[in-house]
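Okay, so here's the structure we're looking at.
These numbers come from a predicted model, not from an experiment.
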Amino acid sequence: MNETVNQTLNGVTDVANPASTIGRLNRLSDEINALYHRASTKMGFADSDMSILYMLCDYGHGLTQSDIISATGMSKQTVNSSVSRMAKAGWLTLGQKDHRRREIVLTEKGQEINDKVIHPFMEMEEHLFDTWSDEEKSIYLALNRRYRDALAAMVDAMPVSKRIRSVDDGGDASAT
């Protein structure tokens, strides 16, 4: 592993060789994602299970698998597998189908898990912002929204290309 990656993974920023803004943003995002993975592991959850429980705790009721897929970018297969696994464990059920929507509903056991594990984690996250001023929080949220909206517009404007086969698919990275 190269020196910069080692320093980044160890939480040390290499100021002598600053990366592009997107590179630095990507490293921060990767590090934050790795921390959420560590939290999931420590809590005994698969990452997808934690994401779904987290969303159910944060958004409340009314979420469908499609809502979760749209909000997180997780694959349909990952969300379906996770929901099935948690349903089998007795944490949630799928509600009645209504207008082609089937809401995910926490069972009593699932609500207990959210109350004892997920909600306290979210409260700890909230406390991380207690040292920030209201202005800093507003700026942080505004800049994240601005980036999200600009990225969404850029992605929406991109032409649709043929799928590029990866070496893992047995292809040679050429378009199919």
Side-chain angles (χ1 to χ4, degrees), residues 4-5 7-83 86 91-92 95 101-106 110-160:
T4 304
V5 171
Q7 288 177 335
T8 300
L9 292 176
N10 292 322
V12 176
T13 305
D14 183 6
V15 290
N17 185 15
S20 66
T21 301
I22 193 64
R24 289 180 291 167
L25 179 63
N26 286 338
R27 278 189 286 290
L28 278 172
S29 179
D30 291 343
E31 291 170 4
I32 290 169
N33 287 336
L35 289 168
Y36 277 103
H37 170 73
R38 281 178 38 203
S40 294
T41 301
K42 284 186 170 196
M43 290 186 267
F45 298 122
D47 292 351
S48 57
D49 295 354
M50 181 176 164
S51 292
I52 292 168
L53 290 170
Y54 194 104
M55 286 184 71
L56 291 169
C57 190
D58 187 32
Y59 290 47
H61 61 84
L63 289 177
T64 65
Q65 290 186 45
S66 294
D67 295 330
I68 293 167
I69 292 163
S70 294
T72 64
M74 283 191 278
S75 72
K76 183 177 180 179
Q77 180 179 350
T78 297
V79 172
N80 189 16
S81 295
S82 189
V83 167
M86 290 190 288
W91 300 357
L92 54 84
R101 292 178 49 89
R102 185 175 251 174
E103 293 181 358
I104 298 169
V105 179
L106 288 173
Q111 187 60 53
E112 190 175 307
I113 290 168
N114 260 6
D115 292 344
K116 288 183 178 178
V117 182
I118 302 297
H119 188 72
F121 180 76
M122 292 173 78
E123 286 178 342
M124 287 187 291
E125 284 181 296
E126 189 69 34
H127 289 303
L128 296 175
F129 291 103
D130 287 348
T131 61
W132 294 21
S133 70
D134 288 342
E135 182 182 13
E136 288 171 322
K137 292 176 210 175
S138 293
I139 290 169
Y140 179 77
L141 291 170
L143 289 173
N144 272 279
R145 280 189 208 102
R146 185 170 150 193
Y147 179 78
R148 179 209 55 209
D149 294 348
L151 183 60
M154 183 185 79
V155 170
D156 289 346
M158 290 172 63
V160 176

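- Contact between A71 and M55 at its shortest, heavy atoms only, is CB-CE, 3.6 Å.
- The side-chain hydrogen bond (donor to acceptor under 3.5 Å, both in side chains) check on E135 picks up nothing, with sequence neighbours excluded.
- Separating the CD atom in E125 from the CG atom in D58 is a distance of 9.0 Å, to the nearest 0.5 Å.
- Distance alone, capped at 3.5 Å, places no donor-acceptor pair between the S82 side chain and the T78 backbone.
- Aromatic ring orientation, Y140 versus F129: tilted (interplanar angle from 30° to 60°).
- In this structure, the side-chain hydrogen bond (donor to acceptor under 3.5 Å, both in side chains) partners of T64, at least two apart in sequence or on a different chain, are D67.
- The backbone N or O of L25 sits nowhere less than 3.5 Å from a side-chain atom of S29 that would complete a donor-acceptor pair.
- With a 4.5 Å cut-off on side-chain heavy atoms, I104 and I68 count as touching.
- Surrounding CD of Q77 are at most 12 heavy atoms belonging to other residues, nucleotides or ligands under 6.0 Å away.
- For D130, the side-chain hydrogen bond (donor to acceptor under 3.5 Å, both in side chains) partners are H127, not counting sequence neighbours.
- With sequence neighbours excluded, no residue satisfies salt bridge (Lys or Arg N to Asp or Glu O under 4.0 Å) with D47.
- Nearest heavy-atom pair, M74 versus S51, reported as atom, atom and distance to 0.1 Å: CE-CB, 3.9 Å.
- Atom CG in L53 sits 5.5 Å away from atom CZ in F45 (nearest 0.5 Å).
- Residues satisfying the side-chain hydrogen bond (donor to acceptor under 3.5 Å, both in side chains) test with S138, not counting sequence neighbours, are none.
- Between atom OH of residue Y147 and atom CE of residue M154 there is a gap of 7.0 Å, rounded to the nearest 0.5 Å.
- Shortest non-hydrogen contact noted between M50 and F121 is CE-CE2, 3.5 Å.
- The neighbour count for K76 NZ, taken as heavy atoms of other residues, nucleotides or ligands under 6.0 Å away, does not exceed 12.
- Contact annotation: the side chain of M124 never approaches that of L128 to less than 4.5 Å [non-hydrogen atoms, C-beta and beyond].
- The line from CD of E136 to OG1 of T131 is 7.5 Å long, rounded to the nearest 0.5 Å.
- One finds the CD atom of Q111 at 9.0 Å from the CG atom of L56 (value rounded to the nearest 0.5 Å).
- The two residues N114 and L106 come nearest to each other via the heavy atoms ND2-CD1, 3.2 Å.
- Going from atom OG of S81 over to atom CE of M86 covers 10.5 Å, rounded to the nearest 0.5 Å.
- Y54 pairs by the ring-ring contact (aromatic ring centres under 6.0 Å, His included) definition with nothing, not counting sequence neighbours.
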